[in-house]
*Asks:* 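Mind having a look at this structure? Questions to follow.
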Amino acid sequence: MSQTVVSLYLVPTPIGNLKDITLRAIDTLKSVDVILAEDTRTSGVLLKHLQLSKTLQSYHSFNEHKAIVKLVERMKKGESFALISDAGTPAISDPGYLLVREVLSAGLEVSCLPGPTAFVPALVASGLPSDRFVFEGFLPHKKGKKSRIDSLLTEARTMIFYESPHRLLKTLEQLVEALGQDRQAAVARELSKIHEETVRGTLAELIAYYQTHPLKGELVLVVAGCPEHRESREDKQAKKKAGWNTAK
Ligand code: SAM
C-alpha cells in the first residue's frame, strides 16, 4: 500500500508551556522542506528551544493571498511545507484556512496534526456541557458585535469566544443585556502558563470579579447555552429511562 504524499502539514505549537508539543510535531517540523510561520521571530524562539535549525518563511494574514499561488506551485514541484502559527493550531483564529482550501483544490494532500489549541482546555475545564458546543472565535470589535451576540439568543450549545483582556468587561456586559445576568460562564486565563486560572460563575458574578481583579494575559470566555433550548444527552437518557416519548 503506498503512503499518501502530504504537501502541507498544519502543526500545532504550544499556547504557553513549551512542553506542550508532540513528538510527531517535532518530527514533522524536522522532516519538511520549509516551515511557514506567522511570525518568524516568535517561531524562531520555539525552533531554538527544540534545537531545530530550519528554513522559516513568513506567512501571515497580510501576505496570505499573494503567497498562496507561489506556495501551491512549489508544492506541485514536490516541496513539503509545515504551517505553524504564533501559538496553538493554525487556522483556528489564525491564518491557514485559505492555504488549506487552495492546496486541496490543486489536488494535493493536507494533514493537520492534533495538538494544542486554547478553546479545548477552556471548554473542558469550564464545567459547562461539552457534548455540543459552538466556537465563535473573536467577536467583531465594534460594528456587528451586537448583532452577532443577538444571533446567539436561542443558542442551546455551549458557546466559546476568544477575547482580549481589555474588551472582556464590555463583552460580559453586552452578554448580560442579551442573555441575562444569571447565565453560567467561565473565563479561562493564561492556560498552561504559571498564572493559569479559570473563574466560573454567572455572567453577573464574572463582571463583579473582574471589576476588582485586574485582567492580564490571554483568555477564553465560555458561556452556557440557553437552558430553555437545551436538552442534554443526559436529559434525553433520563427521559428514555423513565419511558417518555421524545420522538416528537
Ligand atoms: N490558534 C490559536 C488556538 O489554536 O487556540 C488561537 C490564536 S488567536 C490569534 C489568540 C487567542 O487565543 C487569544 O486572544 C486567546 O483568546 C486565545 N489564547 C491563546 N493562548 C491562550 C492561553 N494560553 N490561555 C488562554 N487563551 C489563549
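Because the structure is predicted, anything quoted here is derived from the model rather than measured. When a ligand or atom number is given, it counts from 1 through the structure's own listing order.
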*Asks:* How long is the gap from CZ on Arg200 to CD on Gln184, to the nearest 0.5 Å?
*Replies:*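 Going from the CZ atom of Arg200 to the CD atom of Gln184 covers 11.0 Å.
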
*Asks:* Which residue from Val220, Leu219, Leu191 reaches closest to atom 15 (C) of ligand 1 through any of its heavy atoms?
*Replies:*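 It is Leu219 whose heavy atom sits nearest to atom 15 (C) of ligand 1.
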
*Asks:* So is Ile15 polar-close to ligand 1, meaning N/O to N/O under 3.5 Å?
*Replies:*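 N/O-N/O distance under 3.5 Å: yes.
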
*Asks:* When only distance counts, is Ser93 in polar contact with ligand 1, meaning an N/O pair under 3.5 Å?
*Replies:*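 In fact, backbone or side chain, Ser93 has no N or O that close.
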
*Asks:* Hey, does Tyr162 come in under 3.5 Å of ligand 1, counting only N/O atoms on both sides?
*Replies:*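 Yes, there is a polar N/O contact under 3.5 Å.
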
*Asks:* Heavy-atom pairs closer than 4.0 Å: do any link ligand 1 to the side chain of Asp94, the backbone, both, or neither?
*Replies:*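 Answer for Asp94: side chain.
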
*Asks:* Could you grab the distance from atom CG of Leu47 to atom NZ of Lys54, nearest 0.5 Å is fine?
*Replies:*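 Answer for the CG-NZ pair, Leu47 versus Lys54, is 9.5 Å.
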
*Asks:* Could you work out, for atom 6 (C) of ligand 1, the closest of Ile92, Leu168, Val187 by heavy-atom distance?
*Replies:*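 Looking at heavy atoms only, the winner is Ile92.
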
*Asks:* Checking Arg183 side chain against Ala224 main chain: does a donor-acceptor pair fall under 3.5 Å?
*Replies:*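 Side chain of Arg183 to backbone of Ala224: a pair is present.
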
*Asks:* I need the atoms of ligand 1 closer than 4.0 Å to a non-hydrogen atom of Gly88, numbered in the order shown.
*Replies:*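 That gives atoms 3 (C), 4 (O) of ligand 1.
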
*Asks:* Check the side chains of Lys19 and Ser192 for a donor-acceptor pair under 3.5 angstrom, ignoring hydrogens and angles.
*Replies:*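 Short answer, no.
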
*Asks:* Considering Phe135, Phe161, Phe119, Phe138, which one's heavy-atom position lies nearest to atom 10 (C) of ligand 1?
*Replies:*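 Comparing heavy atoms across Phe135, Phe161, Phe119, Phe138, the nearest one to atom 10 (C) of ligand 1 lies in Phe138.
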
*Asks:* Could you list which atoms of ligand 1 come closer than 4.0 Å to a heavy atom of Lys193?
*Replies:*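 Near Lys193, meaning under 4.0 Å from one of its heavy atoms, ligand 1 has 23 (N).
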
*Asks:* For atom 2 (C) of ligand 1, which candidate among Ala118, Gly137, Ala87 holds the nearest heavy atom?
*Replies:*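 Looking at heavy atoms only, Ala87 sits closest to atom 2 (C) of ligand 1.
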
*Asks:* Under 4.0 Å from any heavy atom of Glu163, which atoms of ligand 1 are there?
*Replies:*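 Answer for ligand 1: 16 (O).
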
*Asks:* Going by the order shown, which atoms of ligand 1 are within less than 4.0 Å of some heavy atom of Thr89?
*Replies:*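 Going through ligand 1 atom by atom, the ones under 4.0 Å from Thr89 are 1 (N), 3 (C), 4 (O).
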
*Asks:* Would a line drawn from the ring center of Tyr162 to the ring center of Phe135 be shorter than 6.0 Å?
*Replies:*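 Yes, they do, as the ring centres are separated by less than 6.0 Å.
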
*Asks:* When you look for heavy atoms under 4.0 Å from ligand 1, do you find them on the side chain of Ser164, its backbone, both, or neither?
*Replies:*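 None of Ser164 does.
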
